[in-house]
Amino acid sequence: MRAAAARAPRGRSLRRLRFVAWVVGRNPPTMLGLGLVAVFLLLAAIGPWIVPDARDAVGAMHLGSKLLPPSWAHWFGTDEMGDDILTRVVLATRTSLWVGLTITGIAIVVGTPLGIAAGYFGGRVRSVIMRATDMFLCVPGLVLALAIVAALGPGILHGVVALAIVWWPGYVRLIEAKALPLRGEPFVDAARTMGSSDLRILLTHILPNCVSPLVVKASMDMGMAILAAASLGFIGLGAKPPAPEWGAMISTARSYMPDSWWYSLFPGLFIFLTVLGFNLLGDGLRDILDPRSARG
Amino acid sequence: MTPLLATQALHCSFARPHGARVKAVDGVDLALAPGEALGLVGESGCGKSTLLRLLLRLQAAESGTIRFAGVDVTRATGRALAPLRRGVQAVFQNPHAALDPRASVFAAVAEPLRIQARLSRRALADRVQGLLHEVGLPAEFLWRYPHELSGGQKQRVCIARALAPGPKALLLDEPTSALDVSVQAQIIDLLAALREREGLAFLFVSHNLAVVRQLCDRVAVMNAGKVVEQGAADAVLAHPQHAYTRTLLRAVLPPRPRSLQGSTAPGQEAAR
């Protein structure tokens with residue numbers, strides 16, 4: 001009997017996995033999103049080993065092959081330094097992934113505890129947290145980024161810090177709204193009558209019930225953060241040249257429009273597809289993470 | 001004998017939108033003896049559920065005292081509250097909301113054990129299975145989630161969870177009112193059997209006077225936050241002394257189902 005009980009969860013998780021595969025399988029947009037995100041992650045992981053010439057990302061110059069249109073030798077053409085745009089675009093995925101993960105990660109780590117605390121405790125705790133959140137919501141991200149970069153000097157890290165500062169309030173808002181009705185639920189009362197501490201209730205009941213909107217928002221925010229980082233790069237606050245960054249590439253490419261259209265098209269396409277991928281995946285996760293949809 | 005759970009002059013009120021206060025519990029003296037089943041009846045909004053929440057320390061009393069086994073726990077916290085948390089457990093009205101949708105049956109029933117007892121994984125699994133068996137659920141339910149269970153099954157899980165700490169008293173807040181009639185009878189039978197086996201005391205809040213008569217030794221009638229009448233269940237329900245009790249009894253729709261007739265004789269519920 002005990003053996004059966006111990007085995008059961010494994011069978012369940014397998015069924016759960018099959019259920020997820022089934023949901024994704026019959027939902028083409030989610031599949032597309034998952035595919036795009038997978039390609040993005042793959043490029044970030046193995047980029048340096050598959051590009052034609054990784055040195056093009058660290059300032060190599062080939063002045064003989066400036067601004068060549070797409071060809072068999074250079075699929076995405078070359079830029080004003082003669083560097084292969086495919087190489088630079090692929091190697092920039094790592095920067096974007098890093099930026100997206102850092103901004104979203106900091107926002108979750110800061111926003112989630114504040115959100116569940118505000119929703120669960122209510123009263124004065126909630127007022128203090130939510131008013132502080134409102135204050136940070138009023139800070140315009142790009143302007144703050146400009147200020148921080150002006151104070152600390154350019155560099156992608158400073159831009160990321162600025163964006164992280166304005167990013168976490170969204171999580172507080174989301175989680176607080178989700179946690180607020182939970183605190184009156186009978187299962188929370190039941191946990192209290194068992195002698196459960198507030199911390200334990202927060203971790204075992206409130207947080208798990210907030211996870212699905214959290215994951216959905218995190219997935220979409222990966223896209224948004226990558227877009228925001230590209231904007232920083234575009235206005236010159238991102239990666240320092242010659243390090244490749246999508247937004248910075250488009251910014252430089254602007255001066256070569258419209259003759260060298262390939263220069264701005266391909267970085268733009270990568271931004272577009274990455275953001276699209278994370279958004280579609282987020283939508284799909286919403287369906288998968290609803291416990292009532294799990295018939296597994 | 002010291003009552004297991006007793007209140008003295010217990011008060012609790014709520015603010016209304018226009019400054020007035022509603023006295024939800026207005027000077028209640030009530031005592032629950034060990035092993036006794038006390039029915040608490042009264043119309044909706046009379047303060048039954050609030051009284052239960054006060055007894056469970058889910059809500060703070062304004063004045064008065066709550067004693068558990070003779071010890072004042074009205075404002076106890078932390079370690080001083082532990083005996084009450086072990087000794088008194090609750091089964092709530094709506095089993096659909098009383099279980100965390102993200103927790104499996106195993107997690108729900110194991111929760112009080114994880115909080116209150118230090119058991120090895122194996123001992124925990126054995127105990128949870130034993131509890132499920134006690135409430136009549138087979139072991140295959142262990143890894144199901146609440147949305148995969150019927151209302152009656154959920155309420156059985158809630159009862160198993162309430163039994164886990166080994167309580168001396170169960171506070172039951174209309175435990176059957178959210179269930180189908182046929183399932184209600186099963187749950188009532190289960191509760192009666194558990195009470196007999198474990199020697200539990202019940203504080204049973206219900207609208208259903210027939211069930212109270214069947215399950216309870218004594219009954220207390222509440223109206224507008226006050227206990228207006230209490231005594232042996234048969235006596236109070238057969239010969240009500242207070243005008244409100246008479247009104248309440250008249251509100252019950254006759255005729256009573258035949259299956260419940262005759263269940264008023266003392267001792268008979270134990271035989272079921």
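Since we're looking at a predicted model, the values are computed, not measured.
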For [X], does the [atom1] atom have more than 12 heavy-atom neighbours from other residues, nucleotides or ligands under 6.0 Å away?
X	atom1	result
A:Met224	CE	no
B:Arg16	CZ	no
B:Arg21	CZ	yes
A:Phe136	CZ	no
B:Phe14	CZ	yes
B:Glu134	CD	yes

Pairwise side-chain contact, B:Asn94 with A:Pro186, heavy-atom cut-off 4.5 Å (strictly under)
no

Indicate yes or no: at least one non-hydrogen side-chain atom of B:Arg102 is less than 4.5 angstrom from one of A:Ser212.
yes

Could you tell me which portion of [X] (side chain, backbone, both or neither) has an atom closer than 4.5 angstrom to a non-hydrogen atom of chain A?
X	value
B:Arg53	side chain
B:Ala97	both
B:Gln116	side chain

To the nearest 0.5 Å, what is the distance between CE on A:Met194 and CG on B:Leu113?
9.5 Å

First locate atom CG of B:Leu58, then atom CG of A:Asp189, and finally report the distance between them rounded to the nearest 0.5 Å.
4.5 Å

Determine, stepwise, if the pair B:Asp100 / A:Phe187 fulfils side chain to side chain contact (heavy atoms under 4.5 Å, CB included).
CA-CA 6 Å; B:Asp100 185 340; A:Phe187 64 79; 3.8 Å; yes

Carefully, step by step, assess B:Glu111 and A:Arg200 under the rule side chain to side chain contact (heavy atoms under 4.5 Å, CB included).
CA-CA 10 Å; B:Glu111 188 180 11; A:Arg200 198 193 153 87; 4.1 Å; yes

Using a 4.5 Å heavy-atom cutoff, which residues in residues 78-91 of chain B come close to chain A?
B:Arg85, B:Val88, B:Gln89

Identify the residues of residues 160-172 of chain B whose heavy atoms come closer than 4.5 Å to a heavy atom of chain A, ordered by number, or report 'none'.
B:Arg161

Contacting moiety of A:Ser197, where chain B heavy atoms sit under 4.5 Å
neither

Kindly give the heavy-atom pair with the smallest separation between A:Gly195 and B:Ile115, and that separation in Å.
O-CG2, 3.7 Å

